[in-house]
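Right, one structure below, let's go through it.
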Amino acid sequence: MAESPGLVKTLRPYHVWALGVGIVLVGEYMGWNFTVAKGGILGSLLAMLVAGTMYVIIALCASELGSATKLAGGPYDWARLFIGPGAAASVGLAVYMEYIALEAADAIVVAFIAQEIFPELQVFPVTLLVIATLTFINYRGVVAALTLNFFMTAIAFLAIILFFFSGTFGVFELHPENLFQGAMPNGMIGLFAALQFGPWFFLGIEGAAMCAEECKHPARAVPLGQQAGMITLLVGAAMTLFICASLLPSNIPAEGLGVSVYPLFEAAQASGVYLLIALLGLGTLLTCVSSANGCVCDSSRSWFALSRDHFVSNWFSSVHPKYQTPYKAVIFTMPIAIAFAFSGYLDQVITFSIVSGLLCYVLIPFALLRFRKMFPTHINKVRPFVSPLQPWISYFAMAIAITIMSTLFWGYRYNLLFALAFYLVAYFYFHRKHKKYQKEFNWGKEMGWPNPSHHKPEE
């Protein structure tokens with residue numbers, strides 16, 4: 001029997017950057033501004049800084065784990081290798097749900113934008129067309145999908161930069177006094193509640209490491225692409241908060257920045273510069289498409305990894321003989337995304353996505369701590385990239401993720417409880433089903449590594 005083909009190794013650092021930033025940049029065009037509704041400008045700034053700190057640490061952890069393991073499952077594979085099968089299944093499902101929900105949301109936003117431009121269009125058919133088109137692009141090949149992401153993401157990010165410097169150099173009038181109006185409308189509790197929307201600035205950046213198995217030189221491409229992506233997002237978030245707060249009122253509860261659907265686009269409209277209005281409208285459209293495209297890539301890789309290890313049907317672990325993509329896992333993203341998009345409860349689905357992401361942000365640093373204990377720093381063959389200030393920053397990231405998750409109790413308590421119950425059931429079910437897995441795992445055979453430091457040959 002001929003050996004089944006593997007995933008093609010062609011991606012470079014800019015592809016990793018395009019995957020990570022492409023998924024996340026949509027959060028700087030919309031969604032982040034709900035921090036203003038909860039905690040005012042000061043609450044938004046605090047949420048950006050706290051979430052940014054957490055994501056910098058998560059990106060460092062993901063870079064070390066991704067460059068070492070070089071596997072397509074990302075957080076799923078790290079949990080499988082270093083924590084156990086129950087945690088692996090929970091994380092794999094969490095990653096899948098996180099990105100599928102985001103894909104559905106992005107596709108709907110694209111459909112609404114298209115309807116605003118061409119009023120005769122219907123939202124649902126356009127949503128279906130967007131999902132189907134991006135599924136086909138990912139079916140044909142990851143290089144084409146992420147090259148497309150690179151150009152769309154670059155244009156959307158350049159639009160933010162141009163908008164920011166146009167204001168600072170006097171092309172239109174800024175109102176910096178808006179930064180001090182309603183800076184903390186709900187007091188200290190508002191600052192705390194604003195944290196629940198802080199992840200919107202950076203949600204999904206850890207997904208950049210999920211293409212490690214398809215990178216030409218993963219030990220270089222994953223850390224470089226992921227850290228460059230995090231720097232890009234931090235710069236973009238600061239620019240976005242300043243320019244939007246300077247143009248849109250934030251002290252009026254029923255209107256303005258705190259409730260805007262497209263804050264960057266509405267800020268451009270407030271500037272009155274038609275070229276910037278067109279550019280930010282294009283940026284909003286491209287970043288939604290780019291995010292949905294990256295979500296197809298990452299969710300399919302997570303499902304592919306779950307299938308390859310028999311957590312779900314191994315039918316999904318097939319690799320296309322010509323395009324060398326996990327094509328069945330890619331195709332399976334389409335009906336699930338369509339079901340989410342047409343459910344009518346998209347806001348609830350997105351909250352489920354955030355909880356899923358926060359669960360990953362607890363387990364990714366924990367997996368790194370386990371990895372470092374099992375394989376000390378001197379084993380260079382195993383650990384080509386070493387993140388700094390460990391293990392303290394991993395503990396800090398876990399504490400931030402748990403704190404942000406606790407803030408969802410205000411307004412989304414049932415979503416939080418349902419999500420935690422769902423992943424707890426998954427953990428115990430798969431831990432019981434695969435309880436012999438960890439004892440039987442052969443590190444040398446799968447990873448080409450020496451035995452872990454705690455391994456006892458007689459076992």
Side-chain angles (χ1 to χ4, degrees), residues 20 24 46-66 68-69 73-95 97-98 192-210 223 226-227 230 233-234 302 351-375 377 383 385-409 412 416-417 419-424 426-427 431:
V24 183
L46 177 67
M48 182 185 73
L49 294 175
V50 171
T53 300
M54 179 185 73
Y55 277 94
V56 167
I57 299 171
I58 296 298
L60 287 170
C61 295
S63 295
E64 181 168 339
L65 289 165
T69 57
Y76 156 76
D77 273 313
W78 309 333
R80 174 178 65 88
L81 293 171
F82 310 122
I83 303 178
S90 297
V91 170
L93 290 170
V95 170
M97 297 294 289
E98 175 187 357
F192 187 69
L195 293 177
Q196 65 185 251
F197 295 106
W200 273 106
F201 283 108
F202 315 103
L203 184 66
I205 185 60
E206 76 283 356
M210 293 184 67
Q226 187 136 39
Q227 301 314 313
M230 197 62 222
L233 293 170
L234 287 168
S302 183
T351 306
F352 192 84
S353 171
I354 292 175
V355 178
S356 301
L358 290 170
L359 175 67
C360 293
Y361 305 150
V362 173
L363 291 177
I364 289 173
F366 184 67
L368 179 62
L369 293 172
R370 292 273 298 168
F371 172 50
R372 281 173 163 255
K373 183 177 180 180
M374 294 163 70
F375 296 96
T377 56
R383 303 177 62 203
F385 172 79
V386 179
S387 58
L389 302 177
Q390 295 289 357
W392 311 113
I393 60 172
S394 289
Y395 290 122
F396 189 46
M398 293 165 66
I400 294 175
I402 293 171
T403 300
I404 294 176
M405 192 181 298
S406 70
T407 66
L408 289 167
F409 193 78
Y412 298 99
L416 177 62
L417 293 174
L420 293 178
F422 174 80
Y423 291 121
L424 195 63
Y427 174 84
H431 178 76

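The basis for the numbers below is simple: all heavy atoms, side chains too, and nothing from hydrogens, waters or symmetry mates. Bear in mind the structure is a predicted one, so any value in this text is a computation, not a measurement.
- Here OH of Y76 is found 8.5 Å from CG of L81. Values are rounded to the nearest 0.5 Å.
- When all heavy atoms are compared, the tightest approach of A47 to G198 is CB-CA, 3.9 Å.
- The two residues I404 and L195 make their nearest non-hydrogen contact at CG2-O, 3.5 Å.
- With contacts defined as side-chain heavy-atom distances shorter than 4.5 Å, the pair F192/S406 qualifies.
- Looking at every heavy atom in both residues, L359 comes nearest to M405 through N-CE, 3.8 Å.
- A401 and Y361 get closest at one heavy-atom pair: CB-CB, 3.9 Å.
- Atom CG of L358 is separated from atom CD of Q196 by 10.5 Å, given to the nearest 0.5 angstrom.
- Across every non-hydrogen atom of V24 and F201, the tightest pair is CG1-O, 3.3 Å.
- Within the 3.5 Å criterion, the main-chain N or O of A193 finds no donor-acceptor partner in the side chain of T407.
- Using modelled atom types, one side-chain atom of E64 and one backbone atom of S387 make a donor-acceptor pair closer than 3.5 Å.
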Quick one: do M230 and F202 satisfy side chain to side chain contact (heavy atoms under 4.5 Å, CB included)? Show the steps, please. CA-CA 8 Å; M230 197 62 222; F202 315 103; 3.5 Å; yes

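- Side-chain rings of F366 and F82 stay apart, their centers remaining 6.0 Å or farther from each other.
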Under the side chain to side chain contact (heavy atoms under 4.5 Å, CB included) rule, what do V56 and L234 come out as? Steps first, then yes or no, please. CA-CA 9 Å; V56 167; L234 287 168; 3.8 Å; yes

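- Note: L368 CG to I83 CD1 = 10.5 Å, rounded to the nearest 0.5 Å.
- Residues R372 and V386 form a side-chain contact, since some pair of their non-hydrogen atoms from C-beta on lies under 4.5 Å apart.
- For the atom pair L417 CG and L424 CG, the distance stands at 12.0 Å (nearest 0.5 Å).
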How far apart are the C-alpha atoms of S394 and C61, what are their side-chain angles, what is the distance that settles it, and do they pass the side chain to side chain contact (heavy atoms under 4.5 Å, CB included) test? CA-CA 8 Å; S394 289; C61 295; 3.6 Å; yes

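- Within 6.0 Å of CZ in F396 there are 12 or fewer heavy atoms belonging to other residues, nucleotides or ligands.
- To the nearest 0.5 Å, the span separating CG on L60 from OH on Y55 amounts to 14.5 Å.
- Distance check: T53 OG1 to I393 CD1 gives 11.0 Å after rounding to the nearest 0.5 Å.
- The nearest pair of heavy atoms linking M398 to P365 is CG-CB, 3.7 Å.
- Annotation: side chain of V50 is not in contact with side chain of T403 (no heavy-atom distance under 4.5 Å).
- Looking only at side-chain heavy atoms (C-beta outward), V95 and C360 come within less than 4.5 Å of each other.
- Under a 3.5 Å cut-off, the side chain of S90 and the backbone N or O of A426 do not form any donor-acceptor pair.
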